[in-house]
*Asks:* 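Input: one structure, supplied below.
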Amino acid sequence: MTAVRQDAWSPDDDLILAEVTLRHIREGSTQLAAFEEVGERIGRTSAACGFRWNSCVRKRYEEAIQIAKQQRQKRSYLKKQAIIATPHVSSLTVFDTEERAFRTDSLTTEEGLSVDSVIRFLKQFKSTYQDVSRQIKSFEKELKEKDEELERLREENERLSKEVSSAQTDYRAVNDDYKTLIQIMDRARRLAVLSHEEEAKPRFKMDANGNLERIE
């Protein structure tokens, strides 16, 4: 079990408490998780860390807390945008790297964040945000082009469908005419055969004496 320290808080302890708590705020975690992490690092209970933060340390980091909350909101926004632009997640990696660099810079003072570190981080964050914005615009443009291409293909498909339907109608008409022509030709052939057979039969007539004679 972790030993509970009864001695006074040192400036290093306060700095660790502030740094860890601010990091948890930026990352959207809870202060309770921060107090537990600090307690494990410096050998105190999470309750003692929470009491120290609320009673003493927090007052010295009001501005840093506000900045951390803004960073948390912007971090959440960037993650949502990264879901839309999944193939281009490098910007979030850059953001995480810059944030870790910012946390390292924050340890340069005991009483609060370095103003130069904050300014540098905000400039880097602005650059990263602009990169993400350009990527989003690029995706929107590409999506618009794909929509236009899809609409063109739909129109082309509709036109071809009409042509196929018209060709099928013409084919049925031609096929019906062909069947009708075959029927006419078949009847004509049968009539020609019958006429030939009629002509081939011998014909007779009766003369004045009552005798039959063949007619050539």
Side-chain angles (χ1 to χ4, degrees), residues 1-140:
M1 295 180 62
T2 303
V4 178
R5 292 171 50 183
Q6 301 297 329
D7 55 321
W9 285 72
S10 67
D12 289 340
D13 291 341
D14 287 344
L15 188 59
I16 292 174
L17 176 60
E19 189 275 334
V20 173
T21 304
L22 289 172
R23 171 163 55 81
H24 277 263
I25 293 175
R26 285 196 300 272
E27 295 176 351
S29 181
T30 62
Q31 291 187 11
L32 178 59
F35 300 153
E36 291 176 350
E37 179 180 340
V38 174
E40 292 179 358
R41 290 179 58 178
I42 65 177
R44 295 180 185 273
T45 64
S46 60
C49 295
F51 179 80
R52 179 66 177 179
W53 170 259
N54 291 316
S55 64
C56 181
V57 179
R58 180 187 181 93
K59 300 175 183 179
R60 301 201 300 265
Y61 290 88
E62 290 296 339
E63 294 183 2
I65 292 173
Q66 296 304 318
I67 294 175
K69 290 181 178 179
Q70 293 175 2
Q71 292 169 356
R72 178 182 61 194
Q73 294 175 352
K74 292 178 181 179
R75 180 187 179 92
S76 176
Y77 172 79
L78 287 177
K79 285 186 176 180
K80 291 180 181 179
Q81 297 302 323
I83 294 175
I84 300 174
T86 304
H88 298 272
V89 296
S90 59
S91 294
L92 286 180
T93 303
V94 172
F95 173 78
D96 289 338
T97 302
E98 293 170 350
E99 187 180 22
R100 286 194 295 271
F102 173 74
R103 290 201 300 267
T104 302
D105 290 340
S106 67
L107 297 177
T108 56
T109 62
E110 293 184 358
E111 297 300 324
L113 295 173
S114 167
V115 175
D116 292 337
S117 298
V118 173
I119 293 175
R120 182 168 60 256
F121 174 78
L122 292 177
K123 288 181 178 179
Q124 293 173 343
F125 179 82
K126 180 180 180 182
S127 177
T128 302
Y129 177 79
Q130 290 174 344
D131 290 339
V132 174
S133 298
R134 284 194 293 269
Q135 291 175 3
I136 292 174
K137 290 180 181 179
S138 177
F139 280 122
E140 289 176 347

*Asks:* How long is the straight-line distance from CD of Gln31 back to SG of Cys49, given to the nearest 0.5 Å?
*Replies:* 12.0 Å
*Asks:* Can you sort out the partners of Glu37 under salt bridge (Lys or Arg N to Asp or Glu O under 4.0 Å), two or more places apart, ordered by chain and number?
*Replies:*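 Result, salt bridge (Lys or Arg N to Asp or Glu O under 4.0 Å) vs Glu37: Arg23.
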*Asks:* Could you tell me which residues satisfy side-chain contact (heavy atoms from CB on, under 4.5 Å) with Arg134, sequence neighbours excluded, listed by chain and number?
*Replies:*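 Applying side-chain contact (heavy atoms from CB on, under 4.5 Å) to Arg134 gives Gln130, Asp131.
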*Asks:* Who pairs with Ala33 by side-chain contact (heavy atoms from CB on, under 4.5 Å), at least two apart in sequence or on another chain?
*Replies:* His24, Ser29, Thr30
*Asks:* Distance check, rounded to the nearest 0.5 Å: Lys74 atom NZ versus Gln71 atom CD?
*Replies:*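 Between Lys74 NZ and Gln71 CD, I get 8.0 Å after rounding to 0.5 Å.
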*Asks:* Give me the atom names and distance for the closest heavy-atom approach of Ile65 to Ile25.
*Replies:*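 Shortest heavy-atom contact: CG2-CD1, 4.3 Å.
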*Asks:* Working to the nearest 0.5 Å, report the span between CD of Glu62 and CD of Gln66.
*Replies:*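 Here the rounded value is 7.0 Å.
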*Asks:* Let me confirm one number: the CG-CD distance from Leu22 to Glu27, rounded to the nearest 0.5 Å.
*Replies:* 11.0 Å
*Asks:* Once salt bridge (Lys or Arg N to Asp or Glu O under 4.0 Å) is applied, do any residues pair with Arg72, and if so which ones, sequence neighbours excluded?
*Replies:* none
*Asks:* Would you mind checking if Asp13 and Arg44 are paired as a salt bridge, meaning a charged N to carboxylate O distance below 4.0 Å?
*Replies:*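 Salt bridge present between Arg44 and Asp13.
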*Asks:* Using the side chain to side chain contact (heavy atoms under 4.5 Å, CB included) rule, pick out the option among Val20, Val38, Thr21 that qualifies with Trp53.
*Replies:* Thr21
*Asks:* Looking at CH2 of Trp9 and CD1 of Ile16, how far apart are the two atoms once the value is rounded to the nearest 0.5 Å?
*Replies:* 9.0 Å
*Asks:* Indicate the atoms forming the closest heavy-atom contact of Val57 with Ala18, along with that distance.
*Replies:* CG1-CB, 4.0 Å
*Asks:* Of all residues at least two apart in sequence or in a different chain, which pass the side-chain hydrogen bond (donor to acceptor under 3.5 Å, both in side chains) check with Ser138?
*Replies:*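 Applying side-chain hydrogen bond (donor to acceptor under 3.5 Å, both in side chains) to Ser138 gives none.
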*Asks:* How far does CG of Leu15 sit from CD1 of Ile42, to the nearest 0.5 angstrom?
*Replies:*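 Leu15 atom CG to Ile42 atom CD1 measures 11.0 Å (nearest 0.5 Å).
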*Asks:* Evaluate the side-chain proximity of Leu17 to Phe35: yes if any heavy-atom separation is below 4.5 Å, no if none is.
*Replies:*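 A side-chain contact exists here, since the closest heavy-atom pair is under 4.5 Å.
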*Asks:* Which atom pair, heavy atoms only, marks the closest approach of Arg26 to Arg75?
*Replies:* O-CD, 3.7 Å
